[in-house]
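Read through the structure below, which is laid out as structure tokens, and then see the notes.
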Amino acid sequence: MTTGNINVSVENIFPLIKKFLYSDHEIFLRELISNATDATLKLKHLSSIGEAKVEYGDPKIEVKINKEKKQLHIIDQGIGMTAEEVEKYINEVAFSGAEEFLEKYKDSAKDSGIIGHFGLGFYSAFMVADKVEIITKSYKDEPAAHWTCDGSPTYAIEAHDKTERGTEIILHISDEDTEFLEESRIRELLVKYNKFMPVSIKFGTKTETLPKPEGAKEEDPAPTQEVENIINNPNPAWTKQPADLKDEDYKSFYRELYPMQFEEPLFNIHLNVDYPFNLTGILYFPKLGQDMSIQKDKIQLYQNQVYVTDNVEGIVPEFLTMLRGVIDSPDIPLNVSRSYLQADGNVKKISSYITRKVGDKLNTMFKNNREDFEQKWNDIKMVIEYGMLSEEKFFEKADKFALYPTVDDAFFTFEELQEKIKDSQTDKDDKLVVLYASNKDEQHAYITAAKDKGYEVLLLDSPIVSHLIQKLETSKENITFVRVDADHVDNLIKKDEETISKLSDEEKESLKTDLEKVIPTEKYTMQLEAMDSNASPFMITQPEFMRRMKEMQQTGGGGGMFGMGNMPEMYNLIVNTNHELVGQIANTKTAKKKERLIKQSLDLAKLSQNLLTGEELTDFIKRSFEMIK
């Protein structure tokens, strides 16, 4: 028997491991399974190049619980260790045998799948165990070794009678961590962290139904048998070549990732790059609603098929964190506990690559089947619009495929839209005027007025539309966006000839005086305009700039960006001097009747803009009944 001190750089590393090294104690199982996987894949590689004269077979990693003895076992059939290697790899804390192996076989082991990097992983066992044992036998013809440590810097190592190749780790679970002796808890962790490990993981057994024997009656129960329960899929879809996968394979993998998600994804993007970094993965576009916040943290980050996190900020550009799927890269720089990303040039490169790949896929879909792309637009526009706002390179790429739908369900690219309205929708400065609605029902009267004059009206109804049109106006030349209820279209778009007012200047001045007696001038600016006699007599609009800034404040950015604090509620009241009712008000002799007509007309205009509430709405209803009576 040999005894000695574990070579550590501080007097006692175990309290540090237990308290500070890993952010969550449950990580120990992931680390030990990762080590077992490495040991198995090392053997696979050595046998494939003829260096290990053993049969590789179909090795598995087994996890077992012994509740009575308070023990958790992790058993592999991998490369194993000699006593000398235990001394080297276990007692030299933070020395990674996987890294040494990869360095030694760097040419032939390039695609071995060995995880590496994390020499401290084994010692995470002491976060949950009072004592840890290693029983291991190397693939070489040497005696097995038995290592024991009770969480102090002292260890013991002696010979063992183990005859089968591989390693068994025995954790003597501490009293405060007995949750890790519960079958349901271990299964939960294996599924969370090791669901796609490249070596099969056995945990317990499951009952399998067999075919009924010939001649069995219909009411006879089908026979069953107990079989080993493999809890992982060692060959997930992202590890395969896109050419080897069909649509159903991608959908099946989506269901495997999100068993509680019943809607099929709209489409997927398969990522596969080996230079200047290694990255594989599959991203899915689900049907997205209008709420950006609830969609995030659905992409899972793996490192050589080991689950790391579902917080992929930094690796995946923020606008794509609303997608779902998997990203796997051995080149992602993580801290020693694999819990946090570290600042690194590769992270930025990976993020740029994913942005470019998504942009290319969307552009290809648009070009290959525009009709299908248009049908999907409302489900994917949130991601695209958010990307156009936040990533300049994506904005440039998206210019080719971003769509601008009209209230009549026609779809234009920006270039097509410009061509469509260039001869009919310009202002007095010859800027193109893009009219849009954000709600077809609430702005119906304004949409109708614009369409009656032959204008195109877009339907831009996402919660970030104010930010987007601000971006478009600053990046495109000679164009302005105006919501249909921001001003009357007659005031926005250049006309060939001016409409003549039916009221004289004196009559208009007198009418304005009467209006100001009833309408609060601190809330409304008043415009008496000669318009088409079929246009509304009273129309309330909100200045485009003021309304847009308020919307941007509400969705983040307006207040901070422009330093305007809370924007005041200000509205325009446009009075059509050519409308019959306005003429009637101007010519009414009784002051009381005139006031009632003005109030009623104003309230109707407010009603059309959802501005009539509370006491004002009650008074309006009462007055309306009185007038009908």
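Annotation: side chain of Phe203 is not in contact with side chain of Val191 (no heavy-atom distance under 4.5 Å). Side-chain contact between Ile354 and Ile327 is present, with at least one heavy-atom pair separated by less than 4.5 Å. Counting heavy atoms from C-beta on, the side chains of Leu362 and Ile269 never come closer than 4.5 Å. A heavy-atom distance below 4.5 Å is not found between the side chains of Asp130 and Asp150. Considering only heavy atoms from C-beta on, Ile282 stays 4.5 Å or farther from Val326 through its side chain. No side-chain heavy atom of Pro317 sits less than 4.5 Å from a side-chain heavy atom of Ser390. Annotation: side chain of Pro59 is in contact with side chain of Thr40 (closest heavy-atom distance under 4.5 Å). Side-chain contact between Pro463 and Met382 is present, with heavy atoms from C-beta onward closer than 4.5 Å.
Among all heavy-atom pairs drawn from Leu43 and Ile79, the shortest one is CB-N, 4.0 Å. Listed here is the closest heavy atom pair of Met197 and Val306: SD-CG2, 3.6 Å. Taking each heavy atom of His73 and Ile170 in turn, the nearest pair found is ND1-CG1, 3.6 Å. Closest approach of Val63 to Leu72, counting heavy atoms only: CG1-CD1, 4.1 Å. In this structure, Gln303 and Ser329 approach most closely via the heavy-atom pair CG-O, 3.4 Å. Minimum heavy-atom separation, Ala145 to Ala83: CB-CA, 3.9 Å.
A salt bridge links Lys376 with Asp372; the closest basic N to acidic carboxylate O contact falls under 4.0 Å. Taking the charged nitrogens against the carboxylate oxygens, Arg185 and Glu188 do have a contact shorter than 4.0 Å, which makes a salt bridge.
Under the 6.0 Å cut-off for aromatic ring centres, Phe180 and Phe28 qualify, their centroids lying closer than that. Phe267 has its ring centre no less than 6.0 Å from the ring centre of Phe373. Aromatic pair Tyr258/Tyr254: ring centres closer than 6.0 Å.
Within a 6.0 Å sphere centred on CD of Glu55, other residues, nucleotides and ligands contribute 12 heavy atoms or fewer. Counted within 6.0 Å of CG on Asp141, heavy atoms from surrounding residues, nucleotides or ligands total 12 or fewer; the atom is thus considered open. Within 6.0 Å of CG on Asp247 lie no more than 12 heavy atoms contributed by other residues, nucleotides or ligands.
A distance-only check finds a donor-acceptor pair linking the side chain of Tyr307 to the backbone of Asp310 [under 3.5 Å]. At least one donor-acceptor pair closer than 3.5 Å links the side chain of Asp328 to the backbone N or O of Gln305. In this structure, Asn232 contributes its side chain and Val199 its backbone to a donor-acceptor pair below 3.5 Å. Ser48 places a side-chain N or O within 3.5 Å of a backbone atom of His45 that can act as its donor or acceptor partner. Checking side-chain atoms of Tyr284 against main-chain N and O of Tyr250 turns up a donor-acceptor pair under 3.5 Å. When atom types are taken as modelled, the side chain of Asn304 and the backbone of Pro330 share no donor-acceptor pair closer than 3.5 angstrom. At distances below 3.5 Å, not a single donor-acceptor pair connects side-chain atoms of Gln225 with backbone N or O atoms of Glu208. In this structure a side-chain-to-backbone donor-acceptor pair under 3.5 Å is present from Lys137 to Glu142. No donor-acceptor pair closer than 3.5 Å links the side chain of Lys67 to the backbone N or O of Glu183. For Asp399 (side chain) and Glu396 (main-chain N/O), no donor-acceptor pair under 3.5 Å exists by modelled atom type.
Atom CD1 of Ile315 is separated from atom CD1 of Ile299 by 10.5 Å, given to the nearest 0.5 angstrom. Annotation: the span from Ile90 atom CD1 to Ile169 atom CD1 amounts to 6.5 Å, rounded to 0.5 Å. Note: Leu279 CG to Ile350 CD1 = 5.5 Å, rounded to the nearest 0.5 Å. For the atom pair CD of Glu182 and OG1 of Thr178, the computed distance is 7.0 Å after rounding to the nearest 0.5 Å. For the atom pair CD1 of Ile157 and CD1 of Ile134, the computed distance is 8.0 Å after rounding to the nearest 0.5 Å. Separation of atoms CE (Met127) and OG (Ser174) is listed at 11.0 Å; rounding is to 0.5 Å.
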### Query
Where do Glu168 and Lys162 land on the salt bridge (charged side-chain N to carboxylate O under 4.0 Å, His left out) test, with the steps shown first?
CA-CA 10 Å; Glu168 178 174 4; Lys162 179 177 170 67; 5.4 Å; no
#### Entry: Intermediate values then yes/no, salt bridge (charged side-chain N to carboxylate O under 4.0 Å, His left out), Lys195 and Glu256
CA-CA 10 Å; Lys195 189 175 182 179; Glu256 192 175 352; 5.4 Å; no
#### Entry: Candidate pair Glu62 and Lys60, rule side chain to side chain contact (heavy atoms under 4.5 Å, CB included), full reasoning
CA-CA 6 Å; Glu62 184 174 6; Lys60 295 179 177 64; over 6 Å; no
### Task
Test Asn194 against Ile61 for side chain to side chain contact (heavy atoms under 4.5 Å, CB included), laying out the working first.
CA-CA 11 Å; Asn194 307 109; Ile61 296 165; over 6 Å; no
### Message
Let's go through Thr280 and Thr239 carefully: what are the C-alpha distance in whole Å and the side-chain angles of both, what is the deciding distance for side chain to side chain contact (heavy atoms under 4.5 Å, CB included) to 0.1 Å, and is it a yes or a no?
### Response
CA-CA 7 Å; Thr280 54; Thr239 64; 5.8 Å; no
### Message
For Lys140 and Glu85: C-alpha separation, side-chain torsions, deciding distance, then whether salt bridge (charged side-chain N to carboxylate O under 4.0 Å, His left out) applies.
### Response
CA-CA 12 Å; Lys140 302 169 189 171; Glu85 286 167 337; 3.2 Å; yes
### Message
If you apply the rule side chain to side chain contact (heavy atoms under 4.5 Å, CB included), what do you find for Leu301 with Val316, and how did you get there?
### Response
CA-CA 10 Å; Leu301 177 64; Val316 175; over 6 Å; no
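Note: Phe394 and Phe319 have tilted aromatic rings, judged against thresholds of 30 and 60 degrees for the angle between ring planes. Ring geometry, Tyr123 versus Phe126: the interplanar angle falls under 30°, so the pair is classed parallel (tilted spans 30 to 60°). Between Tyr302 and Trp238, the two ring planes are tilted [angle within 30° to 60°].
Tyr193 and Glu31 share no side-chain donor-acceptor pair at under 3.5 Å. A donor-acceptor contact under 3.5 angstrom links the side chains of Glu133 and His172, judged on distance only. Side chains of Glu226 and Thr207: a donor-acceptor N/O pair is present below 3.5 angstrom, by distance only.
With Phe395 as the aromatic partner, Lys471 meets the cation-pi criteria of under 6.0 angstrom to the ring centre and within 45 degrees of the ring axis.
Among Arg324, Arg255, Lys287, Lys251, the single residue meeting the salt bridge (charged side-chain N to carboxylate O under 4.0 Å, His left out) criterion with Glu264 is Arg255. With Asp360 as reference, Lys397 is the one residue of Lys400, Lys397, Lys393 to meet the salt bridge (charged side-chain N to carboxylate O under 4.0 Å, His left out) rule.
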